[in-house]
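The model shown is predicted, which means the values in this text are computed figures rather than measured ones.
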Amino acid sequence: MQITEISASGLKREYKVVINAAALESTVNQKLETIRGQVNMPGFRPGKAPAALIKKQYGRALLGEAMEESVNSALQKTLDENKLRPALQPKVDIQNFEEGKDFECTIAIEVLPEIETGDFKVIKLERLVVEPADAEVDEFLTRLSEQQKTYEKVERAAEKGDQVVIDFVGSVNGEKFEGGAANDYPLVLGSNTFIPGFEDQLTGLKAGDQKTVTVTFPEAYGNAELAGKPAEFACTVKEVRGGQAVTLDDEFAKRFGLASLQELKDNIKRDLGQEYKSLSRMKLKRGLLDQLSEQHTFEVPQGMVDLEFNQIWSEVTADKARFEAELAEEKKTEDELKAEYRKIAERRIRLGLLLSEVGRVNNIEVKPDEITRAMIEQARRFPGQERQVMEYFQKNPEAAQSLRAPIFEDKVVDFIIEMATVTDKPVSKEELQKEAEQVA
């Protein structure tokens, strides 16, 4: 076997592999001897068929196996001797494959770059800090009490905050549309559940009243066939129900399995704090990644960039209407937008390789119990189907392993943040949310 490097440019390497015909023939003969005792051929006792007949029938297939094994061996030898770390699966291009002649192929490899991780102690970050206020807790409690409110039938006109039970049938240009009708639908006036303007037109109606509600679907409505179109809803009010206020006391807290109202308030404050910390971390992480991106400009494998870009672009163009709106809003051509998203893809790949290298050099690992916890968290997102979700992960190891990447990334980010200089900055809830929206 001869392996010769024929080109090396940037992260790309190409090698020519020549495997001697005699060596291939020897491998084929060894395989023939291996299967000879297992082959049954008409007219011969089991295992006694002549080697020539066996070779005539199975030789081509065995030659293919020998060639594949030789290529794999050549590839592994090339990687080992040159200490190469391939970024993607190497590409094998067969130049000559003819029985009785030397086998020739080329192996194209795009390798991972050498990465200098640098000194993370020079990184300076700002962590936004928000402490939940008592007023926020009270506001949350009020919303919670609204959700727990009960409604009782009343004999009067509907007011904002009441619940009306209605039948309705919707139409656009006189034609009914799918999902535009319902019977005995309980609608709280002022909840903004329906299209803007719908609920306002039911205010003042009594049980038995009928009214045609006229509205216009929002331009950004989920159903593109209805977006921006005027519609009519023939409505019948069947019942008006007045809301019964809920008293915020210890008994109210017991509805949620807690002993007292104070314990409920403490839990709300804790949860709000966790939410703010999550938003703050998202902003902190983005600031870290921005600095890492500025400090590291190494070459990245274009094959990896291509795969990332193709995935991003397919997501961008999946919704044609949204894609065209983005083109109009950005005032850019499709090629200009592609160039922007390719830069995003390259940034993602570069940061991913950097974080991977930091993790490799510092022996950062994801433990099995961490993946198990992630599986449990995923299962909790589907109430009532937890067992099915866990079974899915158990039967599909690749799906379970897909949970590893975000865990690994967070562990590496935490590792870097511990070495960086982080300054806490108290801000308002509104400031934090605005920053988080910009990051998103």
Side-chain angles (χ1 to χ4, degrees), residues 7-14 84-91 93 106 108-118 120 122-126 219-222 224 227-228 279 281-360 402 405-406 408-410 412-413 416 433-440:
S7 70
S9 176
L11 299 177
K12 295 182 178 180
R13 307 284 187 274
E14 190 169 3
L84 301 178
R85 291 191 297 155
L88 298 169
Q89 181 67 30
K91 295 179 180 179
D93 183 17
T106 58
I109 306 172
E110 193 167 21
V111 299
L112 293 174
E114 294 295 328
I115 302 173
E116 293 291 335
T117 57
F120 299 130
V122 302
I123 295 177
K124 299 184 185 302
L125 299 169
E126 192 174 69
E219 293 291 341
Y221 193 67
L279 293 176
R281 176 181 168 76
M282 183 168 66
K283 169 66 176 174
L284 182 70
K285 180 178 177 180
R286 176 56 183 269
L288 171 63
L289 295 179
D290 285 345
Q291 289 193 43
L292 292 176
S293 180
E294 291 172 3
Q295 295 171 7
H296 298 81
T297 56
F298 55 84
E299 185 180 2
V300 295
Q302 288 306 302
M304 296 181 74
V305 176
D306 290 342
L307 290 175
E308 183 69 21
F309 168 76
N310 290 337
Q311 181 177 339
I312 294 173
W313 191 248
S314 65
E315 292 172 359
V316 169
T317 57
D319 186 334
K320 186 176 180 181
R322 183 177 176 182
F323 173 62
E324 291 176 349
E326 184 173 356
L327 283 174
E329 183 180 344
E330 296 288 337
K331 297 181 180 179
K332 293 175 181 173
T333 65
E334 184 172 320
D335 285 342
E336 288 173 332
L337 205 58
K338 275 186 174 181
E340 280 195 8
Y341 280 113
R342 188 166 185 85
K343 287 181 180 178
I344 291 173
E346 188 168 318
R347 170 189 159 102
R348 287 186 183 178
I349 296 299
R350 181 174 287 108
L351 287 171
L353 291 175
L354 174 62
L355 295 179
S356 179
E357 182 67 6
V358 173
R360 186 183 72 85
S402 70
F408 176 79
E409 181 177 296
D410 280 341
V412 174
V413 165
I416 297 174
Q433 291 174 334
K434 182 178 180 181
E435 292 283 354
E437 286 173 6
Q438 290 176 349
V439 170

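Between L355 and L292, some side-chain heavy-atom pair lies under the 4.5 Å cut-off. N310 is not listed as a side-chain neighbour of W313, based on a closest heavy-atom distance of 4.5 Å or more. You'll find the side chain of P301 reaches within 4.5 Å of the side chain of L353, heavy atoms only.
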Kindly indicate, with the supporting measurements, whether the criterion side chain to side chain contact (heavy atoms under 4.5 Å, CB included) is fulfilled by E409 and L351. CA-CA 10 Å; E409 181 177 296; L351 287 171; over 6 Å; no
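D290 and R347 get closest at one heavy-atom pair: OD1-NH2, 2.8 Å. Taking both residues in full, the closest heavy atoms of P86 and L112 are given as O-CG, 4.1 Å, listed atom of the first, atom of the second, then distance. Closest non-hydrogen pair, E294 versus T297, comes out as O-CG2, 4.2 Å. Considering every non-hydrogen atom in both M304 and A87, the closest pair reads SD-CB, 3.7 Å. For the pair Q295 and I123, the tightest heavy-atom approach, listed with the atom from each and the gap, is NE2-CG1, 4.0 Å. Annotation for Y341 and I312: closest pair CD2-CG2, 3.6 Å, computed over non-hydrogen atoms.
In this structure, the side chain of S293 does not engage the main chain of L289 through any donor-acceptor pair within 3.5 Å. Not a single donor-acceptor pair under 3.5 Å links the side chain of R342 to the backbone N or O of F309. In this structure, E110 contributes its side chain and Q302 its backbone to a donor-acceptor pair below 3.5 Å. Formation of a donor-acceptor pair under 3.5 Å by the S9 side chain with backbone atoms of K12 is not found in this model.
For the atom pair CG (D306) and CD (E346), the distance works out to 10.5 Å, reported to the nearest 0.5 Å. Here K434 contributes atom NZ and L279 contributes atom CG; the two are 15.5 Å apart, rounded to the nearest 0.5 Å. Between the CD atom of E126 and the CG atom of L284 there is a distance of 9.5 Å, given to the nearest 0.5 Å. Between atom NZ of residue K124 and atom CG of residue L288 there is a gap of 14.0 Å, rounded to the nearest 0.5 Å.
Under the side chain to side chain contact (heavy atoms under 4.5 Å, CB included) test applied with L125, the options K283, K285, Q291 reduce to a single match, Q291.
Every side-chain contact (heavy atoms from CB on, under 4.5 Å) that T117 has, sequence neighbours left out, goes to F120, L354, E357, V358.
Around the CD atom of E336, the shell of radius 6.0 Å holds more than 12 heavy atoms that belong to other residues, nucleotides or ligands. Within 6.0 Å of CD on E114 lie no more than 12 heavy atoms contributed by other residues, nucleotides or ligands.
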